[in-house]
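Step one of this worksheet: look at the structure below.
Start at 1 with the first residue, then count along the sequence. Computed from heavy atoms alone, side chains included, the values below leave out hydrogens, waters and symmetry copies.
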Amino acid sequence: MGFFSGLSEGLAKSRNRLKEQMNILFDRGPQVDDDFWDELEEILILADLGSHVAEEVVFTLRDEAVRKALPDAQAVLALLEDKLASLFTDAVDDPFDGRDACVLFVGINGTGKTTTVGKLAKQAHDAGQTVVLGSADTFRAAAIEQLEVWAERAQVEVVQRERGADPASVCFATLERAEEVGAHLVLIDTAGRLHTSSDLMRELGKVVSVVRKRSPLPVFVVLVIDATTGQNGLLQARAFNDALDLDGLIMTKLDGTAKGGIALAVSFELGLPIYRIGVGEGLDDLGAFDAHEFAHALIGDRDVQ
């Protein structure tokens, strides 16, 4: 099964929820009046696209409907997919497209950071890159062990220290080792921390600062978000972005939620690109993000009558 098929299957819950609401909207008739636009905006908000995205979509579609004299609601729906896709922030630089890069993975506990690091390491190694992992989550022994398993599976080296070690020192050692072996890609796993804890966020800020100063490779700070958290994911992203000046996002667990619209809400509101999305547990279920493919998988075929 190709990644798009997996994406479509993974977003089934989100798509079905959205289409149910759309069916209700279209049952009221083909008229494109004030009530239609109000209901469309409400549907988009309920799909976890967020109020800002919903307002932008409705405003631009309404303007286009007038300019093009669209005849009915079906004609408006035909434009919805492209409109949603256009609101995602484009990735000018993608650290996982084969270029040399050092990537720090941040986020709260349980988002799938360590698994994501492992999958990306395996994909990069299979593509011929020299990869070094850094186990800077020194608070959880399980995280260190989990990254070891992934390193072995991916056939890449991992730098680690004993539990409780200074995360910044692990990052420093990882970068030293990467230089020694001429690594193309450095992936550093950090400890999950609550975005509401100012002390922990300041500590993470110091880690990021050390890496940005020390790394000879371009540094990317990437937030991993669990899509099942819905609008709370937007709150997390805002806090991490304010503290760390993020470069981009990875959305995980899209297959387990009806809140897939949160991907667009975060990308649009914070102006951050989505580098990768996860729609399952398998290695092939983490793939490159494509705005049009995502929008199509979210909306589905236009079969509303």
(request) Find out if a path of hydrophobic residues (ILVMFWY) with successive side-chain heavy-atom gaps under 4.5 Å connects V103 to L147. (result) yes
(message) To the nearest 0.5 Å, what is the distance between CD1 on I274 and CG on L264?
(response) 7.5 Å
(request) Taking D63 for its side chain and F59 for its backbone only, find out whether a donor-acceptor pair lies under 3.5 Å. (result) no
(request) May I ask whether V132 and L185 are part of the same hydrophobic cluster, defined by side-chain heavy atoms of I, L, V, M, F, W, Y residues being less than 4.5 angstrom apart, directly or through others? (result) no
(message) Is there a side-chain contact between E152 and V149 in this structure, where contact means two heavy atoms from C-beta onward sitting under 4.5 Å apart?
(response) no
(message) For the backbone of F105 and the side chain of T190, can you confirm whether one donor and one acceptor N or O come within less than 3.5 Å of each other?
(response) yes
(message) Distance check, rounded to the nearest 0.5 Å: L270 atom CG versus L246 atom CG?
(response) 8.0 Å
(request) Kindly indicate whether the side chain of F240, heavy atoms from C-beta on, has any atom under 4.5 Å from the side chain of V221. (result) no
(request) Compare all side-chain heavy atoms of V117 with those of L187 and state whether any distance is below 4.5 angstrom. (result) yes
(message) salt bridge (Lys or Arg N to Asp or Glu O under 4.0 Å) for R15 and E20? Distances and angles first, verdict last.
(response) CA-CA 9 Å; R15 181 172 58 255; E20 285 174 5; over 6 Å; no
(request) Could you tell me whether a side-chain N or O of D90 sits under 3.5 Å from a main-chain N or O of V92, the two making a donor and an acceptor? (result) no
(request) Check the hydrophobic clustering (I, L, V, M, F, W, Y; side-chain heavy atoms under 4.5 Å; chains of links allowed) and say if L87 and L40 are grouped together. (result) yes
(request) Report yes or no: does R212 contribute a side-chain atom to a donor-acceptor pair with the main-chain N or O of P218 at less than 3.5 Å? (result) no
(message) Is it the case that atom CD in E176 sees more than 12 heavy atoms from other parts of the structure closer than 6.0 Å?
(response) yes
(message) Quiz question: by atom type and distance under 3.5 Å, do the side chains of T114 and D189 form a donor-acceptor pair?
(response) yes
(message) With a 3.5 Å distance limit and no angle check, can you tell me whether S135 reaches the backbone of Q160 through a side-chain donor-acceptor pair?
(response) no
(request) Taking the side chain as every heavy atom from C-beta outward, state whether M22 and L80 have any atom pair closer than 4.5 Å. (result) yes
(request) Could you tell me the separation between the CG atom of D38 and the CG atom of D34, rounded to the nearest 0.5 Å? (result) 6.5 Å
(request) Quick one: list whatever passes side chain to side chain contact (heavy atoms under 4.5 Å, CB included) with A151, sequence neighbours left out. (result) L133, V156, V158
(request) State, to 0.1 Å, how close I188 and C171 come at their nearest heavy-atom pair, and which atoms those are. (result) CG2-SG, 3.8 Å
(message) Tell me whether the count of non-hydrogen atoms from other residues, nucleotides or ligands lying under 6.0 Å of CD in E64 goes above 12.
(response) yes
(request) May I ask you to decide if A154's main-chain N or O and H125's side chain share a donor-acceptor pair within less than 3.5 Å? (result) yes
(message) Just checking E55: does its CD atom have more than 12 heavy atoms from other residues, nucleotides or ligands closer to it than 6.0 angstrom?
(response) yes
(request) Please name the pair of heavy atoms, one in L217 and one in V186, separated by the smallest distance, quoted to 0.1 Å. (result) CD1-CG2, 3.8 Å
(request) Would you mind reporting whether N232 and L235 have side-chain heavy atoms less than 4.5 Å apart? (result) yes
(request) Output every pair passing side-chain hydrogen bond (donor to acceptor under 3.5 Å, both in side chains) with a member in residues 238-252, not counting sequence neighbours, ordered by first then second residue. (result) R238-E269
(request) Can you see which heavy atom on L11 is nearest to which on G260, and at what distance? (result) CD2-CA, 4.3 Å
(message) Applying a strict under-4.5 Å side-chain criterion to I, L, V, M, F, W and Y, I'd like to know whether L44 and L234 cluster together.
(response) yes
(message) Test your reading of the model: is there a side-chain donor-acceptor pair from S267 to the backbone of A263, 3.5 Å cut-off?
(response) no
(message) Test: salt bridge (charged side-chain N to carboxylate O under 4.0 Å, His left out). Region: residues 153-165. Which pairs qualify, not counting sequence neighbours?
(response) E157-R177
(request) Measure across A65 and W37 and return the closest heavy-atom pair with its distance rounded to 0.1 Å. (result) CB-CZ2, 3.9 Å
(request) Name all residues meeting the salt bridge (Lys or Arg N to Asp or Glu O under 4.0 Å) criterion together with D166; count only those two or more places apart in sequence or in a different chain, and write none if there are none. (result) none
(message) Which heavy atom of A237 sits nearest to which heavy atom of V266, and what is that distance?
(response) CB-CG1, 3.7 Å
(request) Give a yes or no answer on whether the side chain of T60 reaches the backbone of E56 with a donor-acceptor pair at less than 3.5 Å. (result) yes
(message) Nearest 0.5 Å, please: how far is NZ in K83 from CD1 in I299?
(response) 12.0 Å
(message) Test: salt bridge (charged side-chain N to carboxylate O under 4.0 Å, His left out). Region: residues 102-122. Which pairs qualify, not counting sequence neighbours?
(response) K122-D126
(message) By the salt bridge (charged side-chain N to carboxylate O under 4.0 Å, His left out) test, which pairs, at least two apart or in different chains, include something from residues 217-227?
(response) D226-K253
(message) Measuring centre to centre across the rings, with the benzene-like ring taken for any Trp, is Y275 within less than 6.0 Å of F289?
(response) no
(request) State, yes or no, whether a side-chain contact exists between V131 and Q123 at a heavy-atom distance under 4.5 Å. (result) no
(request) Please step through side chain to side chain contact (heavy atoms under 4.5 Å, CB included) for the pair V106 and V224, ending with a clear verdict. (result) CA-CA 6 Å; V106 301; V224 182; over 6 Å; no
(request) Indicate yes or no: at least one non-hydrogen side-chain atom of L84 is less than 4.5 angstrom from one of F294. (result) no
(request) Hey, could you give me the CD1/OG1 distance between I277 and T116, rounded to the nearest 0.5 Å? (result) 12.0 Å
(message) Taking I225 as the starting point, is it possible to reach L244 by hopping between hydrophobic residues whose side chains are less than 4.5 Å apart?
(response) yes
(request) Return the minimal non-hydrogen interatomic distance between L249 and V222, and the atom names on each side. (result) C-CG1, 4.0 Å
(message) Could you measure the distance from the CD atom of E39 to the CD1 atom of I43? Nearest 0.5 Å is fine.
(response) 6.5 Å
(request) Could you check if a side-chain atom of L70 sits within less than 4.5 angstrom of a side-chain atom of L79, using non-hydrogen atoms only? (result) yes
(request) May I ask you to decide if G112's main-chain N or O and T115's side chain share a donor-acceptor pair within less than 3.5 Å? (result) no
(message) For F88 and F268: C-alpha separation, side-chain torsions, deciding distance, then whether ring-ring contact (aromatic ring centres under 6.0 Å, His included) applies.
(response) CA-CA 6 Å; F88 282 101; F268 176 76; 9.5 Å; no
(message) Keeping R99 on the side-chain end and D94 on the backbone end, is there a donor-acceptor pair under 3.5 Å?
(response) yes
